[in-house]
Asker: 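Before anything else, here's the structure in question.
Naming: A, B, ... by sequence-line order, numbering from 1 per chain. As the structure is a prediction and not an experimental result, all values here were calculated from the model.
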Amino acid sequence: MTESWAGTDAGRTEGPDAGASRTERRRSALGLRVGALIAVAGLLSGCAGFGGGSASDGSTGGGSTSAETSEYGLVRDGEFTFALSGQLAPFSFYENGKLTGFDVAIGTEVANRLKLKPNPSTGPFNTLLAGLQAGRYDAIVGSMTNTPERAKVADFSSDYYRSGAFLWVKSGSGVRSIDDLKDAVLGVPLGSTFEAEMKKKANVKEVKTYESDVDALIDVPTGRVDGAIVDKLVGAYTAKKSSLQVDMAGPALVDNSAAIPVRKQHEKLLAAINKALTDMKADGTYTKISQQWFGIDITGS
Amino acid sequence: MEWFSDFVDTAPTFLQALWITLQLALWSIVLAAVLGGVLAFLRLSRFQAVRMLAAGYISLIRGTPLVTQLFIIYFGLASIITIEAFWAGVIGLTAHNAAYVAEIYRSGIQSVPTGQIEAGRSLGMSKWTTLRLVISPQALRTVLPSLGNQFIIAVKDTSVAAFITVAELFRTAQIVAAEKFRPLEFYVIVGVYYLVIVLLLSGAVRALEQRLGRYNV
């Protein structure tokens, strides 16, 4: 139920969790049929001497030895299945029906370096970790911060970018920091690290949860919330894109670096991801991707 | 054992959310019962324009998903009018349920044999009195099971308000599940809360049915 409502735009290319398994089943059925066809074709070529073409090159962007990738314990053979929300422009979002963004680019680059076929999969942010634990994805490349609670259920790579959570308020409200607010209603994205933090504050009356950072931010100009806690980079991008009358206020509330969690007991995969990240930063690929999306290098921003 | 402690530990949070769910359900059911009556009345009007207007509304509402309607009211209309999440939920759920309730009422009214109406009219009753004393009691008895069914759906549909930030039961389950990374436990727990409400509601409807059943011939 969650997914069918919340994954409204996620359903376009990659269905959310429930959809994904359906697709998978369909694919494996298709695989069987394709397999049978190849077998028949093989027989035919044997008899009639079609010769030449080998039908066994598969469809994965191969090159890797299967022994190497089988050590990763992948959800789907030959593919790097990574999850993201698809609702977090410019990190992951849909543009003309196509999933794109900084996280998608990073995940794809990591996949390429692991000699695997990139397979991005979308679902509501708050369901991603549960999905990872359930073995639906190999990793989450979805702007997820490494926290002690999360580290209990997944192993995190090194950080692949740094940002921060800031308070965003209506333009001209005069609020300079979170301490200026009184009996405030604050908006936060569901399942984020800010929710618990904000509930502890004495001058925060209510914390409203939104499906995404963007949803929280666009409710600031309406006045239904006094402010929203939104990532600096996401906020700046969204405010500019949809010309929202909002301002960033005060110092960073939460340090918000992002890392890539993988399932527990997948050390080989984690090591390979860490190596890919290090290599990307060393050879300038990372800077290139970062420049493309933000105009700046966000490794340590 | 952990299930039980999960249930107990989160009970204060969930009970708060339960109250919001009940308020949402009560408001939208009561308002839909009234608005549905008006719609059914219009739907059976003598004037074709009025009939078509009511039929158009019902088709529009029944033809679009509830989640879409709520998103339009909460996020879509924000550029024109700002409605608090809770009231946006009440408005959306009322508008939605009223369309279904109207059709249920209509089926009840039309199930009363014309002879009954003719009998009432020939006894000198006005149209309004006939509706009140002859048609309504008989119609109500017929529609009660479907009406109860619709109200049960209405209770569960309040969960869609979670997606327009109303901190009702389902949204609370989402928050707790995301916080503790144990989706199975907390979605099952929230399911139990809904189940209890629905069982109580169906019990009430059944009792009412039995009471009205006394007039069965």
Asker: Just wondering, are more than 12 heavy atoms of other shown residues or ligands nearer than 6.0 Å to CZ in Phe41(B)?
Answerer: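 Count not over threshold, so no.
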Asker: Could you tell me which portion of Gln133(A) (side chain, backbone, both or neither) has an atom closer than 4.5 angstrom to a non-hydrogen atom of chain B?
Answerer: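 Only the side chain of Gln133(A) comes within 4.5 Å of chain B.
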Asker: Considering non-hydrogen atoms only, spot the tightest contact between Ala130(A) and Pro183(B) and give its length.
Answerer: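 Taking Ala130(A) first and Pro183(B) second, the nearest heavy atoms are CB-CG, 3.5 Å.
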Asker: Could you measure the distance from the CG atom of Leu190(A) to the CD atom of Gln174(B)? Nearest 0.5 Å is fine.
Answerer: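 Answer for the CG-CD pair, Leu190(A) versus Gln174(B), is 5.0 Å.
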Asker: Which region of Glu195(A), side chain (C-beta onward) or backbone (N, CA, C, O), has a non-hydrogen atom less than 4.5 Å from a non-hydrogen atom of chain B, or is it both or neither?
Answerer: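 Looking at Glu195(A), just its side chain touches chain B.
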Asker: More than 12 heavy atoms of other residues, nucleotides or ligands under 6.0 Å from CD of Glu206(A): is that the case?
Answerer: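 Yes, the 6.0 Å shell around CD holds more than 12 heavy atoms from other groups.
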Asker: Between chain A and each of Ile175(B), Ile164(B), Leu184(B), Ile83(B), count heavy-atom pairs under 4.5 Å; write down the option with the most.
Answerer: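 When all of Ile175(B), Ile164(B), Leu184(B), Ile83(B) are compared, Ile175(B) has the most.
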Asker: Considering only distance and modelled atom types, tabulate donor-acceptor pairs under 3.5 Å from the side chains of residues 212-219 of chain A, sequence neighbours left out.
Answerer:
from      : atom 1 : to        : atom 2 : distance (Å)
Ser212(A) : OG     : Val214(A) : N      : 3.4
Ser212(A) : OG     : Asp215(A) : N      : 3.2
Asp213(A) : OD2    : Asp231(A) : N      : 3.4
Asp219(A) : OD1    : Thr222(A) : OG1    : 3.0
Asp219(A) : OD1    : Arg224(A) : NE     : 3.0
Asp219(A) : OD1    : Arg224(A) : NH2    : 3.0
Asp219(A) : OD2    : Tyr210(A) : OH     : 2.5
Asp219(A) : OD2    : Tyr74(B)  : OH     : 2.4

Asker: Take atom CH2 of Trp19(B) as the centre, draw a 6.0 Å sphere, and report whether it contains more than 12 heavy atoms from other residues, nucleotides or ligands.
Answerer: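 Not more than 12 within 6.0 Å, no.
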Asker: What are the two closest heavy atoms between Thr165(B) and Lys208(A), and how far apart are they?
Answerer: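 Heavy-atom minimum between the residues: OG1-CE, 2.9 Å.
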Asker: Please determine whether the number of non-hydrogen atoms from other residues, nucleotides or ligands lying under 6.0 Å from atom NZ of Lys264(A) exceeds 12.
Answerer: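 Yes.
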